[in-house]
Protein chains: 2
Amino acid sequence: MGPNAYAATCPTRLVLDRIADKWAVLVLGLLLDGPVRFNQLRRTIEGVSQKMLSQTLKSLERDDLVTRKAIATVPVTVEYSITSLGKTLAVTVDSLRIWAEAHMESVQDAQQRYDARKAAGL
Amino acid sequence: MGPNAYAATCPTRLVLDRIADKWAVLVLGLLLDGPVRFNQLRRTIEGVSQKMLSQTLKSLERDDLVTRKAIATVPVTVEYSITSLGKTLAVTVDSLRIWAEAHMESVQDAQQRYDARKAAGL
DNA sequence: CAGAATCCAGCTCGATACTG
DNA sequence: CAGTATCGAGCTGGATTCTG
């Protein structure tokens, strides 16, 4: 890494900021299976508020990770799809899922040991 | 993915929560080159407050991603090292860095186009 | 040197109400 | 159905001060 690798503008920081948004990751994962409508997403993703979902979709669209298609029915329906760019990100994030499934148990064990040590008065 | 894949307890969410902390990622990356002392980290990582660094190191240690070693000099010096578990995570996060370097320019272009469209009155 | 503790400004996010 | 607008509680994180 170069001397400015720890500056706020490095590309890695920008992706991390993006996937730091858990709703964004969940939306991308869901859309891998095909287009989904707004309220359908809302119902599927446990715990999203309508505000957060709306916000998340807007910024995913801004990043060209997701496309929005309004269909002129009455009332209007809106369909969200993942883009090819979005797919490449979703695939990459999947490597984190794999790491998690392989190692998160170790991490949680470590946390318990740490907490137990602290509780024992250090 | 199973029916509960979108619940808050899935392992993927836990890793994402971890690497959502930008300081944690930067610390892990730095420690790949070898052990570093507290204030050395503080000086190298542009923009960390002492509070955040301290907090980050503590939780990285709790997760067994980093180890802390106090050396009884006067005044005391403390050395942080990455663990083997930490290395596996750092390597995985690197795939995100690669994605970022390959695609973040497209994303930023998309953002500009999106903003321009909005500024043009939609 | 390596922190812990306190205080507080700012942002996030959920809840609620309203719209085309 | 698919959102927008507004308000307020709560958490986050910087600045500052103090310690072994």
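Lettering follows sequence order; numbering is per chain, from 1.
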A.B. asks: Tell me which donor-acceptor pairs under 3.5 Å the side chains of residues 59-66 of chain B have, and how far apart each pair is, sequence neighbours excluded?
C.D. replies:
unit_1: B:Ser59; atom_1: OG; unit_2: B:Arg18; atom_2: NH1; d: 3.4
unit_1: B:Ser59; atom_1: OG; unit_2: B:Arg18; atom_2: NH2; d: 2.8
unit_1: B:Ser59; atom_1: OG; unit_2: B:Thr56; atom_2: O; d: 3.2
unit_1: B:Arg62; atom_1: NH1; unit_2: A:Asp115; atom_2: OD1; d: 2.9
unit_1: B:Arg62; atom_1: NH1; unit_2: A:Asp115; atom_2: OD2; d: 2.5
unit_1: B:Asp63; atom_1: OD1; unit_2: A:Gln111; atom_2: NE2; d: 2.8
unit_1: B:Asp63; atom_1: OD2; unit_2: B:Arg18; atom_2: NE; d: 3.1
unit_1: B:Asp63; atom_1: OD2; unit_2: B:Arg18; atom_2: NH2; d: 2.9

A.B. asks: Are A:Thr88 and B:His103 close enough that some pair of their side-chain heavy atoms sits under 4.5 Å apart?
C.D. replies: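 A side-chain contact exists here, since the closest heavy-atom pair is under 4.5 Å.
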
A.B. asks: Please report the distance, rounded to the nearest Å, between CG in A:Leu53 and P in C:dT12.
C.D. replies: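 Checked: the CG to P distance equals 18 Å.
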
A.B. asks: Within this structure, what is the CG-to-P distance between A:Leu57 and D:dC1, rounded to whole angstrom?
C.D. replies: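 Checked: the CG to P distance equals 16 Å.
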
A.B. asks: In whole angstroms, how far is the P atom of D:dG3 from the NZ atom of A:Lys58?
C.D. replies: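 Going from A:Lys58 (NZ) to D:dG3 (P), I get 9 Å.
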
A.B. asks: Side chains of B:Arg42 and B:Leu53: closer than 4.5 Å at any heavy-atom pair?
C.D. replies: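 Heavy-atom side-chain distance check passes, below 4.5 Å.
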
A.B. asks: Quick check for you: among C:dG14, C:dC1, D:dC1, whose closest atom lies nearest to any side-chain atom of A:Asn39?
C.D. replies: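 Nearest listed nucleotide: D:dC1.
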
A.B. asks: May I ask you to say what B:Gln50 touches in the nucleic acid, namely base, sugar-phosphate or nothing, with a heavy-atom cut-off under 4.0 Å?
C.D. replies: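 Touches a base.
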
A.B. asks: For a quick test of reading the model, state the closest non-hydrogen atom pair linking B:Val15 to A:Ala100 and the distance between them.
C.D. replies: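 That would be CG2-CB, 3.0 Å.
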
A.B. asks: Taking CD from B:Gln40 and P from C:dC1, how many angstroms apart are they, rounded to a whole number?
C.D. replies: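 Going from B:Gln40 (CD) to C:dC1 (P), I get 10 Å.
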
A.B. asks: Using atom CE of B:Met52 as one end and atom P of D:dC11 as the other, report the distance to the nearest whole Å.
C.D. replies: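 Checked: the CE to P distance equals 16 Å.
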
A.B. asks: Picking from A:Lys22, A:Met104, A:Arg97, what satisfies side chain to side chain contact (heavy atoms under 4.5 Å, CB included) with B:Arg13?
C.D. replies: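 The residue from A:Lys22, A:Met104, A:Arg97 that satisfies side chain to side chain contact (heavy atoms under 4.5 Å, CB included) with B:Arg13 turns out to be A:Lys22.
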
A.B. asks: May I ask you to test the B:Arg68-B:Leu57 pair for a side-chain heavy-atom distance under 4.5 Å?
C.D. replies: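 Of all side-chain heavy-atom pairs linking B:Leu57 with B:Arg68, none is under 4.5 Å.
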
A.B. asks: Rounded to whole angstrom units, what separation is found between the CZ atom of A:Arg43 and the C1' atom of D:dA2?
C.D. replies: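 After rounding, the reported distance stands at 12 Å.
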
A.B. asks: CG of A:Asp17 versus P of D:dT12: gap in Å, rounded?
C.D. replies: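 Result: 16 Å.
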
A.B. asks: Are A:Arg42 and D:dG3 close enough that a side-chain N or O sits under 4.0 Å from OP1 or OP2?
C.D. replies: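 False: A:Arg42 side-chain N/O out of range (4.0 Å or more) of D:dG3 OP1/OP2.
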
A.B. asks: Starting at CH2 of B:Trp23 and ending at P of D:dT12, how long is that distance when rounded to a whole Å?
C.D. replies: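 These atoms are roughly 16 Å apart.
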
A.B. asks: Just to confirm, is there a sub-4.0 Å distance from OP1 or OP2 of C:dA5 to any side-chain nitrogen or oxygen of B:Lys51?
C.D. replies: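 Answer no for this pair, as no side-chain N or O of B:Lys51 is under 4.0 Å from OP1 or OP2.
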
A.B. asks: Do B:Leu28 and B:Val93 come within less than 4.5 Å of each other through their side chains, counting heavy atoms only?
C.D. replies: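 The answer is no; the side chains never approach within 4.5 Å.
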
A.B. asks: Look at the side-chain N and O atoms of A:Tyr80 and state whether any lies under 4.0 Å from the OP1 or OP2 oxygen of D:dC1.
C.D. replies: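 For D:dC1, OP1/OP2 do not have a side-chain N/O of A:Tyr80 under 4.0 Å.
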
A.B. asks: Which of residues 69-78 of chain A sit near DNA chain D, with a heavy atom under 4.0 Å from it?
C.D. replies: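 Close to the strand are A:Pro75, A:Val76, A:Thr77, A:Val78.
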
